[in-house]
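Here is the structure we will look at, set down as structure tokens.
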Amino acid sequence: MEWIDAYLDERKKQHLLRTLKPLRPAGPGRVYINDVEYLNFSSNDYLGLAGHPRLREESQKALNEYGTSSSASRLMSGDLSIHHQLEEMIADFMGKEKAILFGSGYLANIGLISALCDRKDVIFSDRLNHASIVDGIRLSGARFFRFRHNDLNHLETLIKKERKRYKKALIVTESLFSMDGDMASVKEMVELKERYDALFMLDEAHAVGVIGEKGAGLAEKYGLTKKIDIIMGTFGKALGSYGAYAAASARLIDYCINRVRSFIYSTALPPSVTGASIGGIKMLTEEPARRSILLEKAKYFRSLLKENHLNIMGNAQIVPVLVGENYNALNISNRLYENAIFALAMRPPTVPAGKARIRFSITCNHSEDDLKKAADVLKHAFKQIPISK
Ligand SMILES: Cc1ncc(COP(=O)(O)O)c(C=O)c1O
């Protein structure tokens, strides 16, 4: 067991040791940690739907009708009609022929990518893509190339050089980047995909519910849903539930049902969770104003930070504040914590080395006063801590 001690000691020395903190909800935008109330800026409940009466009601209805578990995988006896109901809603909402559900976004990405590509294929992946995309690529056995973050010239150079040596090609990117808060140039990527005969997969985990007129994501915002081969998204963030989906052509989804191992060999989503996801999708059309309120709040928070000349990244509801060194990021996060603000330091390997940051997730549940308080405490925390450039 010495290797475990050595690993944990090293993590600690590098200010990279992770620990768990049990939380309890404490009203809109707040959590209790050890019975102390904190403003929560680390949740992805962007629209404030987790715990909303509408979602609880749909979840309860499904629980009452179907029980607590689906008790088997979809291809065994776990294929419930409520799963089909949600898949039809998703396909319709995303403007695709068909959709498929997954136990989580992680399972969706590892399963989809490893079913689409194999050793004879090539994958072009944004350098900052989420770990689940990276793991899916590794699992596929395909040759892969990472292009500099959202750098279309680099992407095209790589495709030009490598595409012809492989059978299939896949371009994969997040749409709204979870750690940088910025958005992929999807229009240009669609052009590249068409020009070089590649598949294009878009991970809309942080964009669904927030971006686009209907809240269907970045593909919807640019009218590109039909041109993107696979649109993947999760229910565990803005949609206030849990699980994930992929929307695509009917043929591609039929292929997934037959080929994606994380779909085939895993118990289907529980009914109560599926019900909550149905509630989440319904809320996007029933209360569209939540999206604009959220984005207004994020804009306001960004303006407060800009006044203080902080190095903020991106342009949406995810507001990362660049710090640099792990140690300094941790210190700032601790200073926020001492002031009842829960905003975590993001460190490698979640972000590149030397680019540690504090990540604020703005939600509909934060009031103007909450945002002012957070900006103020952050300003003072930065002043007190020597930041090495
Ligand atoms: C871009 C992205 N894709 C996929 C996932 C995985 O989704 P899930 O949390 O449902 O496993 C996440 C979650 O953090 C994510 O940020």
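Whatever order the structure lists ligands and atoms in, that order sets their numbers, starting from 1.
Below 4.0 Å from some heavy atom of T234 lie the following atoms of ligand 1, by number and element: 7 (O), 10 (O). Using a 4.0 Å cut-off to heavy atoms of N109, the atoms of ligand 1 that qualify are 3 (N), 4 (C). Heavy-atom proximity to E174, at under 4.0 Å, picks out these atoms of ligand 1: 1 (C). For ligand 1, the atoms lying closer than 4.0 Å to a non-hydrogen atom of A205 are 1 (C), 2 (C), 3 (N), 15 (C). Taking every non-hydrogen atom of S178 and a distance limit under 4.0 Å, the qualifying atoms of ligand 1 come out as 16 (O).
With a 6.0 Å cutoff to the six-membered ring centre and a 45° limit on the axis angle, K21 counts as a cation-pi contact of Y337. For the pair K214 and F93, the cation sits on the ring face: its NZ or CZ lies under 6.0 Å from the ring centre, inside 45° of the axis.
Ligand 1 does not have A244 within reach: every non-hydrogen atom of the residue lies 4.0 Å or more from it.
Residue-level proximity to ligand 1 for N44 is absent, since no heavy atom of it falls below 4.0 angstrom.
At the top of the distance list for atom 14 (O) of ligand 1, counting protein heavy atoms only, stands K237 NZ, 2.9 Å. Of the protein's non-hydrogen atoms, the one nearest atom 5 (C) of ligand 1 is H130 CE1, 3.5 Å. Nearest protein heavy-atom neighbour of atom 3 (N) of ligand 1: D203 OD2, 2.6 Å.
Heavy atoms only, all atoms of each residue included: I228 and A219 are closest at CD1-CB, 3.7 Å. Contact record, S140 with I113: CB-O, 3.9 Å, taken as the closest heavy-atom pair.
An N or O contact shorter than 3.5 Å links Y106 to ligand 1 by distance. Between Y242 and ligand 1, not a single N/O pair is under 3.5 Å apart. Residue G105 has at least one N or O atom closer than 3.5 Å to an N or O atom of ligand 1. At least one N or O atom of H206 sits closer than 3.5 Å to an N or O atom of ligand 1.
In K227, the NZ atom is not crowded: 12 or fewer heavy atoms of neighbouring residues, nucleotides or ligands sit closer than 6.0 Å.
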Check the pair T363 / R290 against side chain to side chain donor-acceptor pair (under 3.5 Å), numbers first and verdict last.
CA-CA 9 Å; T363 75; R290 280 179 185 260; over 6 Å; no
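Transitive grouping of hydrophobic side chains (ILVMFWY, heavy atoms separated by less than 4.5 Å) keeps I257 and L80 in distinct clusters.
Salt-bridge check for D197 with K168: failed, with every basic side-chain N at 4.0 Å or more from each acidic carboxylate O. Comment: K221 does not engage E213 in a salt bridge, judged by the lack of any side-chain N to carboxylate O separation of less than 4.0 angstrom.
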